[in-house]
Amino acid sequence: MCGIVGYVGEKRAAPILLDGLQKLEYRGYDSAGIAVFDGKILHIVKKKGRVKELEPARALRGNCGIGHTRWATHGAPSEKNAHPHTYRKFTLVHNGIIENAHILREECLSRGEIFSSETDSEVIAHLISDCYEGNFAAAVCEASKRLQGSFALAVLFGDCPGTIVCARRHSPLVVGREKGGLFVASDVPAIAAEGVEIFSLGDGEFAALHAGEIQFFDEDLRPVLPHPVEYSCKEDAPALGGYRHFMRKEMSEIPAVLRKNSVDFLSNSQFSAFCEVLCHAEYIQIVACGTAYHAGLCAAYAFEKICRVPCEVSIASEYRYRDPIVPQNTVCFAVSQSGETADTLAAAQIAREKGAFLAAVTNVAYSSLTRISDAVLLTNAGREVAVAATKSFNAQLMLLYGVAAFLATKKGREVPPLAELPQAAAGALEVSEEVRGWTAHFLSAKSVFFLGRGADYFTALEGSLKLKEITYLPSEGYPAGELKHGTLALIEKNTPVVAVVTQRELAEKTMNAVHEVYARGAKIFLVTRFEELRARKEVFASVLLPACPEEFSPAVAVIPLQALAYYLSLARGNDPDKPRNLAKSVTVE
Ligand code: F6R
């Protein structure tokens, strides 16, 4: 992951780098650094921790520089391992993973070269220096040929103080141009502003930023055409708007986001080509990671239940290495909030190469995923700042449920009323405040369990993931009926168990499991839409969800679980927006 930014032009570089890095902190925030040329000297400032630690460097003079915010892969989060890294006259920032770094490092060491960090990135500076024969860009190209893995690079060279050379393979990078200045960044928001034209760098391409001009090259230094990116400056200025944290604010937007994603695929001509293919689909595959994978599981449940089309959901990092079978007439949905998740991109590409029609379900119109897909379904959830996904999950569900509703209609099958979801979500948000009172019972827990059956099982999985990522409490989402096959052994006196019960036919079955854990001392917290279950003796506390179609209930039932994670995270003194060890966009394998 990591975030890269660079600037060369008429303005002072340091403020541009620091402001850009702030906007890229969602990509990692364990250490940060900048390097700025003041005409004579290259000043490098690095700090462990967040970008704000670099604030004193804002005063640095100089019009050319690069910056980095890190999510550690090779080497612990520390000042020493923070970027930029320098070898001789070359200084660089890197996003990605160099898989043959250990071999290359050994080679360098055998030549007597000295390393000052444990990172895989530093070896790139060594290679560039070793490849340099008088042409800066050529040295970066040559060095890149020796790298295995993924990289986005911005490189400075002591002998060319007004030039930045950039390169990318499997990691995103964009460059920008305004009157009097040039930029490079991992993502558009870092450099987006009125008057800035932005271009994405193609996979395997290079760019040289110098004297107001950007030159684009392929791997053999042949000129290539730029790929302009359309973007709007307006959409990228999220503010807290009175909330303490983005996560809570983003949850409050869920009803509106569901409304925005109520797409009528029957009448919307924008999707006619996609709908045509979908109508002939014999098989559906969904690839995704994390929360998006859970959205995929919920969607697959709806596809099978209401459309009766077989649907398989895969964790993208598994799909990509298992030589997947893609039957004829397969539509593959790649679900990704960011559209940049490396594993999802790779899995999507494989599905497409094997003949699937690839539909992207993403929140970012100019993402790498949109560029490789046959159809793009934008979730229009607005930018999600909190690392823990909330509104984007609900948005993905609404859009995919809309697709399922369309397909079911085409097949002459009954379609549950999807339009009820935004209202039900608003009701769920209201009752979610009640879970604040639950947190005291979770604070000293060794582990937490979330149980459910059918669609509720997927809600349980997502509730558990949210809890883990922002409270750091061990937690498991479990199919209620499977507990007795081993996991029940973990239940102790006062172990918090959250049971999700929204499926009429399965309600009593889930309550059997509730009874089993209660009998072993667990404390039961119920999230249900059945009033009568709340009075059962096993139930310690409960929230009552508004009614909504059972097939689509995860879009509503997940809300109290998101709230539970949020309030528990606060109670444990964590920052729910920026959990430890994580980043919003996972652009490495
Ligand atoms: C969890 C979370 C992650 C992401 C996962 C995929 O709250 O945010 O699990 O869902 O990293 O990210 P995208 O959707 O950007 O592909």
Side-chain angles (χ1 to χ4, degrees), residues 1 3 24 26-29 71 171-172 186-187 189 245-248 250-251 254 257 286-299 313-320 333-349 359-370 372-373 376-379 381-397 399-400 450 458-459 461-472 475 477 554 558-559 561-566 569 574-589:
M1 279 99 82
L24 291 174
Y26 71 90
R27 305 175 71 87
Y29 38 80
W71 183 82
S171 293
S186 295
D187 199 358
H245 297 100
F246 280 105
M247 182 177 174
R248 184 65 190 81
E250 286 158 6
M251 286 176 59
I254 289 171
V257 162
I286 300 179
V287 292
C289 302
T291 289
Y293 167 69
H294 296 155
L297 291 170
C298 300
V313 192
S314 302
I315 290 177
S317 54
E318 291 296 316
Y319 183 95
R320 64 183 291 191
F333 291 94
V335 187
S336 172
Q337 188 281 131
S338 62
E340 298 295 348
T341 301
D343 286 318
T344 306
L345 284 171
Q349 213 136 16
V361 177
T362 181
N363 205 25
V364 183
Y366 45 78
S367 62
S368 303
L369 184 59
T370 60
I372 62 165
S373 298
V376 178
L377 311 184
L378 279 180
T379 46
R383 185 147 163 234
E384 193 172 61
V385 177
V387 166
T390 54
K391 63 176 178 175
S392 63
F393 173 75
N394 305 69
Q396 288 158 357
L397 288 187
L399 205 54
L400 286 163
F450 290 80
F458 311 128
T459 308
L461 285 178
E462 177 56 10
S464 169
L465 178 62
K466 266 333 56 125
L467 197 87
K468 277 182 278 211
E469 71 180 316
I470 62 171
T471 72
Y472 319 145
S475 156
V558 76
I559 295 171
L561 306 190
Q562 294 168 337
L564 177 63
Y566 173 73
S569 165
N574 300 345
D575 176 352
D577 283 347
K578 287 206 168 73
R580 70 184 184 200
N581 302 341
L582 300 179
K584 183 79 184 153
S585 181
V586 187
T587 57
V588 293
E589 269 202 61

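Ligands are counted one by one from 1 in listed order, and the atoms in each one are counted from 1 as well.
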Exercise for the section: Begin with the C-alpha distance, continue with both residues' side-chain angles, and end with the deciding distance and a verdict on side chain to side chain donor-acceptor pair (under 3.5 Å) for Ser367 and Glu340. Expected result: CA-CA 6 Å; Ser367 62; Glu340 298 295 348; 5.0 Å; no

Practice task
Without swapping roles, check the side chain of Asn363 against the backbone of Gly382 for a donor-acceptor pair under 3.5 Å.
Solution key: yes

Practice task
Return the set of residues passing salt bridge (charged side-chain N to carboxylate O under 4.0 Å, His left out) with Asp343 (not counting sequence neighbours), or none when no residue passes.
Solution key: Arg320

Handout entry: Top protein contact for atom 14 (O) of ligand 1, by heavy-atom distance
Key = Gln337 N, 2.7 Å

Practice task
Specify the protein heavy atom at minimum distance from atom 7 (O) of ligand 1: its residue, its atom name, and the distance to 0.1 Å.
Solution key: Glu469 OE2, 2.4 Å

Problem - Protein heavy atom at shortest distance from atom 5 (C) of ligand 1 - result: Cys289 O, 3.6 Å

Handout entry: Check: Asp575 side chain, Asp577 main-chain N or O, donor-acceptor pair, under 3.5 Å
Key = yes

Problem - Ring center gap for His245 and Tyr566 short of 6.0 angstrom - result: yes

Fill in the blank from the handout: Closest to atom 15 (O) of ligand 1 among protein heavy atoms sits Ser338 OG, 2.7 Å

Practice task
For side chain to side chain donor-acceptor pair (under 3.5 Å), just list the numbers for Thr471 and Ser569, CA-CA rounded to whole Å, side-chain angles, deciding distance to a tenth of an Å, and then say yes or no.
Solution key: CA-CA 4 Å; Thr471 72; Ser569 165; over 6 Å; no

Fill in the blank from the handout: closest protein heavy atom to atom 8 (O) of ligand 1 is Val387 O, 3.2 Å

Exercise for the section: Under the ring pair (Phe, Tyr, Trp, His ring centres under 6.0 Å) rule, collect the residues that match up with Tyr29, sequence neighbours excluded. Expected result: none

Practice task
Could you list the atoms of ligand 1 found under 4.0 angstrom from a heavy atom of Ala388?
Solution key: 7 (O)

Problem - Check: Thr379 side chain, Thr362 main-chain N or O, donor-acceptor pair, under 3.5 Å - result: yes

Practice task
Number the atoms of ligand 1 from 1 as they appear, then name those within less than 4.0 Å of a heavy atom of Ser336, with their elements.
Solution key: 13 (P), 14 (O), 15 (O), 16 (O)

Handout entry: Atoms in ligand 1 with a heavy atom of Lys466 nearer than 4.0 Å
Key = 1 (C), 7 (O)

Fill in the blank from the handout: closest protein heavy atom to atom 13 (P) of ligand 1 is Thr341 OG1, 3.2 Å

Practice task
Could you list the atoms of ligand 1 found under 4.0 angstrom from a heavy atom of Ala389?
Solution key: 7 (O), 8 (O)

Handout entry: Identity and distance of the protein heavy atom lying nearest atom 10 (O) of ligand 1
Key = Thr291 N, 3.1 Å

Handout entry: Atoms of ligand 1 close to Ala292 [distance to a heavy atom under 4.0 angstrom, numbered from 1]
Key = 10 (O), 14 (O)

Exercise for the section: Specify the protein heavy atom at minimum distance from atom 11 (O) of ligand 1: its residue, its atom name, and the distance to 0.1 Å. Expected result: Val586 CG2, 3.8 Å

Exercise for the section: Give me the one residue out of Gln396, Lys466, Glu469 that meets side-chain hydrogen bond (donor to acceptor under 3.5 Å, both in side chains) with Thr291. Expected result: Lys466

